[in-house]
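The analysis underlying the following values was restricted to heavy atoms, covering all of them including side chains, and did not include hydrogens, waters or symmetry mates.
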Amino acid sequence: MDKETAWRALEQLTDTERTHHLKDLLQDPDRFEQFSFRQDELLLDLSRQRLTPATLKALLQLAEGCQLGSWIEALFSGESINNTEQRPALHTALRQPAHNSFMLDGQDINQDVHRELERMEHLVSQLHQQQWRGFSGEPIDTLVNIGVGGSDLGPMMVCHGLEEFQPAAARAIKIHFISSMDGSQLSSLLQHLDPARTLFLVASKSFTTADTLANAATARDWLRQASDIPDPLLLKRHFIGITARPEKAQEWGLSADNLLHFWDWVGGRYSLWSTIGFAIAVRIGMDGFKALLDGASRMDNHFRHAPGSSNLPVLLALAEIWNINFLDIHAHAILPYDGRLAHLPAYLEQLEMESNGKSVDRDGQRVQHRTCPVLWGEIGPNAQHAFYQLLHQGSEAVMCDFIVAANRYGDAGESLQSQHRLTLANCLAQARVLALGDSALDQAASSAWQRYHGNQPSTLILLDKLTPGALGALIALYEHKVFVQSVIWNINPFDQWGVELGKQMANTLLPHIGARPQQGFDTATEGLLNELNQLTTGSKPA
């Protein structure tokens, strides 16, 4: 069945299927068994999605009609599926075992990847063993990661999530993340740091990102003021660069010995698996970092080889395609019930909206259907006291992802274990009420403002335990889900042209901030430039 035929079949199903309420679907005693799927330490529960066996069958036929299997093979084999930039998207190659071989343009890139991981391991070991010394000869005890987007969100999310797995040697090193262009994060942080013991990690694929280089320049000036040694030696002792453009980093002043590389075929939001994950390796050690890679690699193998009917990324993607394109649900809440995953919603916002926030297909034509929904989220217990009012009783249909770990705290004591049980109960309760509404209660409220209508679809992802391997699998699950959806929508998820124009325009406007405009802009921009000129220089507007 081709794509058009499969799409029409789903549209025909919609009129009847959308009338089903989850309170009725969940009466089926076999529903959980039919709509829950396990892969290693991860369970995907789709039983609260508004799916029937007929819907799922039709969705799988849609995937087949879109030649999903061929696209998956193209992704893993290194074809140039990033068609607008004529290059492959090989983040999966970053997590292959060392004994594998992967030839790309005559080069075994797996050897390149593991060579850089070995160099990273050497630098991490120097930090852990207190062998990296600052300008005063004291060992480095603070690492500041300067980056933005994928060079910030991924490493920060993983470092926070896996903090409990840090080895003893890593506990003496404090890690901070800086991304804000206005310098507010950095200026506040520097007041509390010892320059003689601080190492800055400048992470930028192009090494031209204005946000990152501005913060790096401020850090360099701070170190200059605190020491009296020449710049080359100062930078060698206090800066590491991670980039796909080492020549740019060296022009900035970094030593070649202090540079770690990654490649054009790695998108920034897919790069935490590369040397961009340096801060992760410092936090949880190289063994922990390799376990993270292994979890992702296992999900890669599952995605590449499992049939669609049991393939977790495929099933997760198709459930959301049903919501977005056929049930008209265009808002998506990410709700981790685990404080360690506090940064996961922001990470997924970038992963999904930067990848699939497109309105032009691979052929340069306007798409005729919805693509990526608007994502947002928060730790579940906090969100319950913030925006769950909208989820339960608002006028907006929302699909939700609940993410929780079954086991936590181990032998930490009954008090903490009791708190975890409370968290689990809240997670299941919220998913239940979103689905069932008033029917979850023994007796429905009589007042209209106390009614719960339910029928809000949700997915629950249950981790056996939050470990490096489990988190690696979870992130890869979402990466591949995004790819599947891009295939269905026929868009390229690996470029981000929508980010570029704003950067270019900022460079155009920068010379006019605090000065009289020298060329015509639109009336709103010109008016604000005049106001800024008056406020910052005291001159009257032109």
Side-chain angles (χ1 to χ4, degrees), residues 40-42 90-100 109-129 131-132 140 143-145 147 150-177 199 201 203 205 240-243 258-263 266 268-301 340-341 343-344 347 463 465-479:
D40 294 338
E41 63 269 71
L42 191 153
L90 279 172
H91 45 282
T92 56
L94 297 170
R95 48 222 195 194
Q96 289 194 10
H99 56 77
N100 283 11
I109 63 172
N110 201 46
Q111 288 188 7
D112 296 340
V113 168
H114 283 273
R115 186 180 303 114
E116 287 303 309
L117 290 178
E118 288 174 3
R119 294 187 65 237
M120 183 169 82
E121 184 168 15
H122 174 69
L123 297 179
V124 169
S125 177
Q126 283 186 287
L127 286 170
H128 283 175
Q129 296 177 22
Q131 294 176 347
W132 193 300
I140 295 295
L143 177 68
V144 179
N145 188 104
S151 299
D152 172 74
L153 288 169
M156 179 171 60
M157 182 263 293
V158 176
C159 282
H160 185 80
L162 299 177
E163 186 172 3
E164 67 194 82
F165 291 92
Q166 59 185 324
R171 292 173 189 158
I173 300 175
K174 299 177 287 295
I175 300 178
H176 303 277
F177 290 88
L199 177 67
L201 180 67
K205 184 175 180 178
I240 291 175
I242 303 176
T243 183
N258 288 23
L259 293 181
L260 294 170
H261 303 165
F262 68 114
W263 301 270
V266 182
R269 57 194 174 279
Y270 299 92
S271 64
L272 69 86
W273 320 101
S274 71
T275 51
I276 287 290
F278 185 90
I280 301 171
V282 172
R283 173 58 56 86
I284 64 174
M286 281 302 295
D287 287 344
F289 188 75
K290 290 174 181 177
L292 180 81
L293 298 181
D294 178 68
S297 179
R298 287 185 282 110
M299 183 58 71
D300 292 342
N301 290 331
R340 296 170 295 181
L341 297 177
H343 298 294
L344 181 63
Y347 175 79
L463 308 178
K465 187 179 181 181
L466 183 59
T467 63
L471 184 55
L474 177 68
I475 299 168
L477 168 69
Y478 275 101
E479 287 180 346

Practice task
Please round to the nearest 0.5 Å and tell me the distance separating atom CD of Gln96 and atom CG of Leu90.
Solution key: 8.5 Å
Practice task
Mind checking the CD1-CG spacing from Ile280 to Leu292? Nearest 0.5 Å is all I need.
Solution key: 6.0 Å
Problem - Reported CD-to-CE distance for the pair Glu118 and Met286, which is rounded to 0.5 angstrom - result: 9.0 Å
Handout entry: Which atom of Ile175 lies closest to which atom of Ala279, heavy atoms considered
Key = CD1-O, 3.6 Å
Exercise for the section: Rounded to the nearest 0.5 Å, what's the gap from CG on Asp112 to CG on Leu117? Could you check? Expected result: 11.0 Å
Problem - Nearest atoms (heavy-atom pairs only) where Thr243 meets Lys205 - result: OG1-O, 2.9 Å
Completion exercise
Here the pair of heavy atoms bringing Pro97 nearest to His114 is C-NE2, 3.6 Å
Handout entry: Shortest non-hydrogen contact between Tyr347 and Ile475, atoms and distance
Key = OH-CG2, 3.4 Å
Practice task
Could you tell me the separation between the OG1 atom of Thr467 and the CD atom of Glu41, rounded to the nearest 0.5 Å?
Solution key: 5.5 Å
Problem - No-hydrogen, no-angle side-chain donor-acceptor test under 3.5 Å, Glu116 and Trp263 - result: no
Handout entry: Nearest-0.5 Å distance, CD1 of residue Ile140 to NE2 of residue His128
Key = 13.5 Å
Handout entry: Heavy-atom side-chain contact between Phe262 and Leu94 under 4.5 Å
Key = no
Exercise for the section: Indicate yes or no: does Lys290 engage Asp294 in a salt bridge with an N to O separation below 4.0 Å. Expected result: no
Handout entry: Closest contact, heavy atoms only, Arg95 versus Ala476
Key = NH2-CB, 3.9 Å
Would you list the atom pairs, donor with acceptor, under 3.5 Å between side chains in residues 155-172 and any protein atom, with sequence neighbours excluded?
unit_1: His160; atom_1: NE2; unit_2: Gly339; atom_2: O; d: 3.3
unit_1: Glu164; atom_1: OE1; unit_2: Arg340; atom_2: NH1; d: 2.7
unit_1: Gln166; atom_1: NE2; unit_2: Glu163; atom_2: O; d: 3.4

Exercise for the section: State whether the side chain of Ser271 and the backbone N or O of Ser274 hold a donor-acceptor pair below 3.5 Å, judged by distance alone. Expected result: no
Practice task
Tell me, with the steps shown, if Glu479 and Trp273 meet side chain to side chain contact (heavy atoms under 4.5 Å, CB included).
Solution key: CA-CA 12 Å; Glu479 287 180 346; Trp273 320 101; 2.9 Å; yes
Practice task
Return the minimal non-hydrogen interatomic distance between Ile276 and Ser151, and the atom names on each side.
Solution key: CD1-OG, 3.8 Å
Handout entry: Residue pair Phe278 / Leu143, side-chain heavy-atom distance below 4.5 Å
Key = yes
Problem - With sequence neighbours excluded, residues passing ring-ring contact (aromatic ring centres under 6.0 Å, His included) with Trp132 - result: none
Practice task
Taking His91 for its side chain and Leu272 for its backbone only, find out whether a donor-acceptor pair lies under 3.5 Å.
Solution key: no
Exercise for the section: Using a cut-off of 6.0 Å, state whether more than 12 heavy atoms not belonging to Lys465 lie near its atom NZ. Expected result: no
Handout entry: Passing option when Ile240 is tested against Asn145, Leu259, Thr275, Leu199 for side chain to side chain contact (heavy atoms under 4.5 Å, CB included)
Key = Leu199
